[in-house]
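Taking it in order: structure first as structure tokens, then the write-up.
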Amino acid sequence: MTRISIKALHQEVADRIRELIRNGHLKKGDRIVETEICQLLGISRTPLREALRVLSAEGLIVIVPNKGAHVAEPSMQEIREMFDVMAILEGVCARVAAEKMTDAQFKKLRQLHEKLEQHYQAGNDQKYLKVNHEFHVLIQTIAGNKVLDEVVNGLRQKILLYRYRQLYQPDRFDASMQEHRDLFKAFKSRNPDKAERMMKKHLMGQCEALVNLYENGEAGTHR
């Protein structure tokens, strides 16, 4: 029981650091000051260092011997490559999900889509992003391919931090909602070709918005 508890703690610490990166409190290139993070989270250095090793393996943190850790600084080319691959993978998930989706599963998808509309109409980007993540995960779950799951999950944690920031690009919120509407229509009509095409369009739209955000020096800031 003790060993499980320790593992849970460092995973929770990793989640909190991901959130600090996602919301801009830790920006690319920032040094991870262990004393500050430990004080902020109320933890010792042991779970923090275990968490940093996890994040390093994911490519989110760079650990330099005798110099400490800092937030990774991916190039625009690396970000584009991540989205290129994720668009293909999530496109496959969308295709398979459209082919095998049951009425009960579609009902769950519709409920999430309706929540997206509600948060969009209210202008609540944070709640929209949370439901958006649930929507994509549900599609992956419906696809039900274990090998695809492993590959997608490995990339999802890394890309999620950048994926969140793209919504702060001007007009991106509107475009994202429209892409979701088109994607939902494809699932409603059980059209695998369109579902795959719309999912790829959605991911690449995110990519272009994010690249524009970084090029304008606005990454990590809210609109």
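Note that the numbering runs from 1 along the sequence shown for the chain.
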field: Residues E208 and R172 bridged, charged N to O under 4.0 Å
entry: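 No, E208 and R172 are not salt-bridged.
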message: Any salt bridge linking E134 with K130? Criterion: basic side-chain nitrogen under 4.0 Å from a carboxylate oxygen.
response: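 A salt bridge links E134 with K130.
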Going from [atom1] on [X] to [atom2] on [Y], what distance comes out if it is rounded to the nearest 0.5 angstrom?
X    : Y    : atom1 : atom2 : answer
H119 : F173 : NE2   : CZ    : 9.0 Å
L116 : Y128 : CG    : OH    : 5.5 Å
H70  : L52  : NE2   : CG    : 12.0 Å

task: Please tell me if the side chains of I142 and K108 come closer than 4.5 Å, counting only heavy atoms from C-beta onward.
output: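 Sidechains of K108 and I142: no contact.
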Closest non-hydrogen atom pair, [X] against [Y]:
X    : Y    : value
I61  : V71  : CD1-CA, 4.1 Å
R181 : E117 : NE-OE2, 2.8 Å
L155 : M82  : CD2-O, 3.7 Å
A195 : A94  : O-CB, 3.6 Å
A14  : L55  : O-CD2, 4.0 Å

- prompt: In the single-linkage hydrophobic clustering (I, L, V, M, F, W, Y; side-chain heavy atoms under 4.5 Å), do M76 and M86 co-cluster?
  reply: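 Same hydrophobic cluster.
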task: Check the hydrophobic clustering (I, L, V, M, F, W, Y; side-chain heavy atoms under 4.5 Å; chains of links allowed) and say if V54 and L26 are grouped together.
output: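 No, no single cluster joins them.
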query: Is the backbone N or O of K27 less than 3.5 Å from a side-chain atom of D30, with the two atoms forming a donor-acceptor pair by type?
result: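 Checked: pair present.
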Show me, pair by pair, the donor-acceptor contacts under 3.5 angstrom made by side chains of residues 32-46, not counting sequence neighbours?
| unit_1 | atom_1 | unit_2 | atom_2 | d |
| --- | --- | --- | --- | --- |
| E34 | OE1 | R49 | NE | 3.0 |
| E34 | OE1 | R49 | NH2 | 3.1 |
| E34 | OE2 | R49 | NE | 3.3 |

- request: Scan residues 183-192 for pairs that pass salt bridge (charged side-chain N to carboxylate O under 4.0 Å, His left out), counting only residues two or more places apart or in two chains.
  value: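 Qualifying pairs, neighbours excluded: D103-R190.
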- request: Please write out which residues are connected to V62 in a hydrophobic cluster, directly or through intermediates, given that two of Ile, Leu, Val, Met, Phe, Trp, Tyr count as joined at side-chain heavy-atom separations below 4.5 angstrom.
  value: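 Answer for V62: V64.
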Aromatic ring pairing H180/H136, orientation class (parallel under 30°, perpendicular over 60°, tilted between):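 Plane angle over 60°, so perpendicular.
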query: Does the side chain of Q118 pick up a donor-acceptor pair with the side chain of E114 at under 3.5 Å?
result: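 Judged by distance alone, the side chains do not pair up.
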